[in-house]
A.B. asks: 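Sharing a structure, written as structure tokens. Questions coming.
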There are 2 protein chains.
Amino acid sequence: MWRKLTGTEIRVQETKVVRDIERLPKRKRQQQLVKIIEENPFVTDQELTRMLKVSIQTIRLDRMELGIPELRERLKLMAERSYDQVRSLPLHEVIGDIVDLQLDRSGISIFEIREEHVFSRTHIARGHHLFAQANSLAVAVINDEIALTASADIRFVRSVKLGEKCIAKAYVRSISGSRSKAKVEVFSYVGEEMIFQGHFIIYRSASAINGSEGGDEHENRH
Amino acid sequence: MWRKLTGTEIRVQETKVVRDIERLPKRKRQQQLVKIIEENPFVTDQELTRMLKVSIQTIRLDRMELGIPELRERLKLMAERSYDQVRSLPLHEVIGDIVDLQLDRSGISIFEIREEHVFSRTHIARGHHLFAQANSLAVAVINDEIALTASADIRFVRSVKLGEKCIAKAYVRSISGSRSKAKVEVFSYVGEEMIFQGHFIIYRSASAINGSEGGDEHENRH
DNA sequence: CTACATTTAGTACCAGGTTCTAAACTGCGT
DNA sequence: ACGCAGTTTAGAACCTGGTACTAAATGTAG
């Protein structure tokens with residue numbers, strides 16, 4: 001369909017220019033259509049006819065060619081996406097996927113930096129996400145029903161960019177005699193490079209209920 | 001519609017008890033209906049007839065009485081909600097509302113602990129949200145186009161619960177000679193009580209591009 | 001028995017489409 | 001001037017998941 005056009009386009013100029021400016025409207029219209037629907041997915045075909053000054057059939061042919069589903073399908077997809085997000089928010093309770101866990105000893109989690117984790121202009125990951133991964137892991141590695149971060153000393157060694165996979169490794173360094181506190185060290189890497197390190201003091205169940213308690217806790221994983 | 005019912009309910013007991021256990025099926029069914037739709041908003045009236053073993057008209061009467069909109073309306077509402085959320089996500093870039101800002105001097109932000117910030121079982125705020133508020137503020141108070149957290153030393157003084165409002169106050173303590181680093185102290189309070197404190201080292205634009213750079217930055221706010 | 005609530009049935013209608021068939025119009029090559 | 005392809009428009013039948021309304025059947029308490 002378009003093969004022919006591009007072929008002729010390249011060859012001659014004077015005659016085909018006319019052809020192109022006559023043909024472009026379809027492409028242009030479809031581009032516009034995509035843009036309109038993108039920035040307002042709630043628009044009906046009816047409304048589109050008014051905006052693009054073509055018949056409703058043309059709108060529908062365009063949607064078909066572009067693979068854009070009908071209004072209701074779009075809404076359903078959006079609803080499902082947001083519903084899934086809400087559902088997977090409990091998964092959001094631990095930031096990063098824990099791939100290895102030896103309670104009271106060590107743990108490893110992986111966290112991929114995605115669009116929502118970076119500063120839009122520079123695509124550099126925001127610090128609190130790296131902290132959150134490390135903090136979650138430090139809390140998870142403690143073998144108690146409740147564990148709360150009491151304090152932390154952290155360092156952002158280098159910035160992490162969109163798409164990079166952070167691998168955090170946590171080591172439990174010491175358990176206090178009364179077992180009320182634990183020291184956990186976390187090192188995060190992208191590849192071989194260390195990008196973050198943190199020293200966490202975690203309060204655990206017995207002492208965590210009263211007294212100076214921190215900002216995080218966790219449930220026993222299996 | 002319900003006024004009458006509740007009226008008789010309150011008055012007499014022995015006679016109405018019978019009436020109630022005869023009436024309950026309706027109420028019970030409606031409670032079930034609410035629950036079903038709540039945990040699966042994508043269900044059609046047809047599917048509900050099978051689940052509740054009543055006619056589709058009853059389902060629809062129930063929905064009316066309960067003020068539950070039809071499937072398509074539900075999906076539309078969800079889609080709109082998620083769309084608004086996505087739109088207001090850039091607001092999520094700074095955690096907490098900045099209410100006062102004196103660049104290179106001090107700043108104040110307020111952050112209310114909501115459902116999504118707490119651990120579901122205990123309703124205690126997760127540490128990284130408190131950190132995020134403080135970190136955002138520490139970065140915001142620096143008068144530079146780009147600012148990145150290099151390191152932080154933080155302490156969770158006491159746990160914060162659902163519904164509490166955290167007020168974070170940041171003070172720029174020192175600016176290095178070359179202006180490449182700044183020291184920022186942040187103290188967060190619920191009412192009079194301090195709940196968090198942190199010491200941040202922030203790298204600023206000139207030196208931030210190369211060298212050891214942190215995990216956060218910010219754009220100039222007006 | 002009667003009055004009232006509850007449930008079910010059925011019809012007409014609607015939005016926002018899909019699917020399919022059939023015309024027009026447009027412009028180009030020959 | 002003619003045909004042909006790409007494009008646009010029109011129209012009818014049908015679909016889902018409802019609303020709105022009328023009417024009848026069933027229950028049940030007083």
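First the proteins, then the strands, lettered A, B, ... as listed; each starts at 1.
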A.B. asks: Which residues satisfy the ring pair (Phe, Tyr, Trp, His ring centres under 6.0 Å) test with B:Phe187, sequence neighbours excluded?
C.D. replies: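 With sequence neighbours excluded, B:Phe187 shows a ring pair (Phe, Tyr, Trp, His ring centres under 6.0 Å) to no residue whatsoever.
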A.B. asks: Rounded to the nearest angstrom, tell me the gap between atom CZ in B:Arg29 and atom C1' in C:dT6.
C.D. replies: 8 Å
A.B. asks: Check whether any side-chain N or O of A:Thr58 sits under 4.0 Å from OP1 or OP2 of D:dT9, and answer yes or no.
C.D. replies: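 Checking A:Thr58 against D:dT9: at least one side-chain N or O falls below 4.0 Å of OP1 or OP2.
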A.B. asks: Excluding sequence neighbours, so at least two apart, what forms salt bridge (charged side-chain N to carboxylate O under 4.0 Å, His left out) with A:Arg105?
C.D. replies: none
A.B. asks: Taking CD from A:Gln30 and P from D:dG6, how many angstroms apart are they, rounded to a whole number?
C.D. replies: 15 Å
A.B. asks: Can you label the angle between the A:His117 ring and the A:His129 ring as parallel, tilted or perpendicular, going by 30° and 60°?
C.D. replies: perpendicular
A.B. asks: Can a salt bridge be assigned to the pair B:Arg158 and B:Glu164 using a cut-off of 4.0 Å between side-chain N and carboxylate O?
C.D. replies: yes
A.B. asks: Take the protein atom CG of A:Leu48 and the nucleotide atom C1' of C:dG16, then report the distance between them rounded to whole Å.
C.D. replies: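 Taking CG of A:Leu48 and C1' of C:dG16, I get 12 Å after rounding.
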A.B. asks: Angle between the two end axes of the helix from C:dC1-D:dG30 to C:dT30-D:dA1, five base pairs per end, rounded to 10 degrees?
C.D. replies: 10°
A.B. asks: How would you label the contact of A:Leu61 with the nucleic acid (heavy atoms, under 4.0 Å): base, sugar-phosphate, or nothing?
C.D. replies: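 Counting heavy atoms under 4.0 Å across all strands, the contact made by A:Leu61 includes a base.
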A.B. asks: Whole angstrom is fine here: how far is it from CD1 in A:Ile56 over to P in C:dG17?
C.D. replies: 7 Å
A.B. asks: For A:Arg204, is there an ion pair with A:Asp104 - N to carboxylate O distance below 4.0 angstrom?
C.D. replies: yes
A.B. asks: Angle between ring planes, A:Phe200 versus A:Phe131, binned at 30° and 60°: parallel, tilted or perpendicular?
C.D. replies: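 Tilted.
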A.B. asks: Once you round it to whole Å, what is the distance between P of C:dT7 and CZ of B:Arg27?
C.D. replies: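 After rounding, the reported distance stands at 13 Å.
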A.B. asks: State whether a side-chain donor-acceptor pair under 3.5 Å links A:Gln133 with A:Ser109.
C.D. replies: yes
A.B. asks: Rounded to the nearest Å, what distance is computed from the CG atom of residue A:Leu77 to the P atom of nucleotide C:dG17?
C.D. replies: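 So the CG-P distance, A:Leu77 to C:dG17, works out to 14 Å.
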A.B. asks: Heavy atoms under 4.0 Å is the rule here; annotate nucleotides 18-24 of chain D 5' to 3' with B where the base is hit, S where only the sugar-phosphate is, and - elsewhere.
C.D. replies: BBS----
A.B. asks: List in chain and number order the residues that pass salt bridge (charged side-chain N to carboxylate O under 4.0 Å, His left out) with A:Asp45, two or more places apart in sequence or in another chain; answer none if no residue qualifies.
C.D. replies: A:Arg60, A:Arg63
A.B. asks: Tell me, which pairs form a side-chain hydrogen bond (donor to acceptor under 3.5 Å, both in side chains) where one or both residues lie in residues 67-79 of chain A, sequence neighbours left out?
C.D. replies: none
